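Note sheet for the following structure.
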Amino acid sequence: MTALSIGDVIAERTFVLTRDSLVRYAGASGDFNPIHYRDDIARSVGLSGVLAHGMLTMGFAVQPVVDWIGDPARVLDYQVRFTRPVPVDATDGATVAVVAKIGALESGEVGPDQDGPDQDGPDQVGPDIARIDLTVTFDGSTVLGKAQVRVRLG
Amino acid sequence: MPVNPALQGRVFPPTAPYLVAREKIREFARAVFSDSPLSLDVSAARAAGYDDLVASPTFAVVVQESTLAQLLAEPDAGIDFSRVVHGDQRFSFSRPIVAGDELVATLTIAGVKSLGGHSMVTAQSDITDASGEHVVTATSTLVVRGDE
């Protein structure tokens, strides 16, 4: 983790969603909005068909970063904007690509060590926090905006 | 009916405690395509210094959900669920959620804005553990579409 530069791609992964994925996420999350499993209801509110839960996309898009950093506890902050829906075809599903890049590196003292600030031991220094920017695309278009994960490196 | 601007600043009663179960962490991890051993394998989580399985980053939505239900059920809120679109979402952590945690969420309506006939409601759910310590804040912006 020492030679990170802004713009480095730290992880890439492709996810194949099927209707089964949506049913599984509905059960796991408790979000049973029927637009995520019933085409007739999705169409009745003007959609082309069943869509993935935005929170499902948010949930898997961070996984390449978790794998890279090795520990979900190093994720300090994670935000996304839902900019475009992901329709999931009953037969073909939907393939969503995630590319994770270093967006910013924050160095220097981020907090005191256990002995308190500026006491005997050194305070935390070095490249402490990285902002990882996620590019999440379906069918050639991005589906999340301002998708950023702040992670603790040290 | 527009969203009631008087919602701004309203703080809701804390939710009933949510006990985070090990199998729920596994179920959620599988649903978001997680391969993280810390979310799936208790011995790996313990070797990394945790008491039990560590939840995936977006697991807090399971706890947040009951606060959004409070908001939608508020009689004077003026929020028609069928017109709600999820605009954005954020999780800010003090520490990860671990199996065995008993979590309580307190909803604050941080903002109500009107924008071109739509309303934007910022719902901030502060999630704390059994000792009252902050674990994570989950913030959603809900876009409530106006009459078309």
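Chain letters run A, B, ... following the sequence lines, proteins first, then strands; residues in each count from 1. On a predicted model such as this, the values are computed, not experimentally measured, just so you know. Below, each value reflects all heavy atoms present in this structure, side chains not excepted, and no hydrogens, waters or symmetry copies.
Along residues 26-42 of chain B, the residues that come nearer than 4.5 angstrom to chain A, judged on non-hydrogen atoms, are B/E27, B/F28, B/R30, B/A31, B/V32, B/F33, B/S34, B/D35, B/S36, B/L38, B/S39 in order of number.
Using a 4.5 Å cut-off between heavy atoms, A/V75 contacts chain B through both its backbone and its side chain. Looking at A/F15, the atoms closer than 4.5 Å to chain B (heavy atoms on both sides) all sit in the side chain, from C-beta outward. With a 4.5 Å cut-off on non-hydrogen atoms, B/F59 does not touch chain A at all. Looking at A/V23, neither its backbone nor its side chain comes within 4.5 Å of chain B, counting heavy atoms on both sides. Contacts between B/A55 and chain A at a heavy-atom distance below 4.5 Å involve the backbone alone (N, CA, C, O). For a residue to count as touching a neighbouring chain, one of its non-hydrogen atoms must lie under 4.5 Å from one of that chain's; by this rule A/Q79 touches chain B with backbone and side chain alike. Within the 4.5 angstrom heavy-atom criterion, no atom of A/R74 approaches chain B.
Salt bridge present: A/D77 and B/R90 bring a charged side-chain N and a carboxylate O closer than 4.0 Å. The pair B/D80-B/R83 meets the salt-bridge criterion, with a side-chain N (NZ, NE, NH1 or NH2) lying under 4.0 Å from an Asp/Glu carboxylate O. Between B/R10 and B/D76 a salt bridge is recorded (basic side-chain N to carboxylate O distance below 4.0 Å). Using a 4.0 Å cut-off between a side-chain N of Lys or Arg and a carboxylate O of Asp or Glu, B/D52 and B/R22 qualify as a salt bridge.
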>> Test side-chain hydrogen bond (donor to acceptor under 3.5 Å, both in side chains) on B/D129 and B/S131; report intermediate values, then the result.
In response: CA-CA 5 Å; B/D129 64 18; B/S131 57; 2.9 Å; yes
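The backbone N or O of A/V50 lies less than 3.5 Å from a partner atom in the side chain of A/D39, making a donor-acceptor pair.
Applying side chain to side chain donor-acceptor pair (under 3.5 Å) to B/D126 and the options B/T67, B/T137, B/T106 leaves one that passes, B/T137.
For the atom pair CD1 (A/I132) and CD1 (A/I69), the distance works out to 6.5 Å, reported to the nearest 0.5 Å. To the nearest 0.5 Å, atom CG of residue A/L134 and atom CG of residue A/L144 are 7.5 Å apart. Distance NE2/A/H53 to OH/A/Y37: 8.5 Å, rounded to 0.5 Å.
Note: A/F82 leads A/F82, A/F60, A/Y78 in heavy-atom pairs under 4.5 Å with chain B. Your options are A/G59, A/A26, A/G30, A/S21, and the one with the most heavy-atom pairs under 4.5 Å with chain B is A/G59. In terms of heavy-atom pairs under 4.5 Å with chain B, the best-connected choice from A/T57, A/D71, A/D67 is A/D71.
Between A/V86 and A/V96, the closest side-chain pair of non-hydrogen atoms falls below 4.5 Å.
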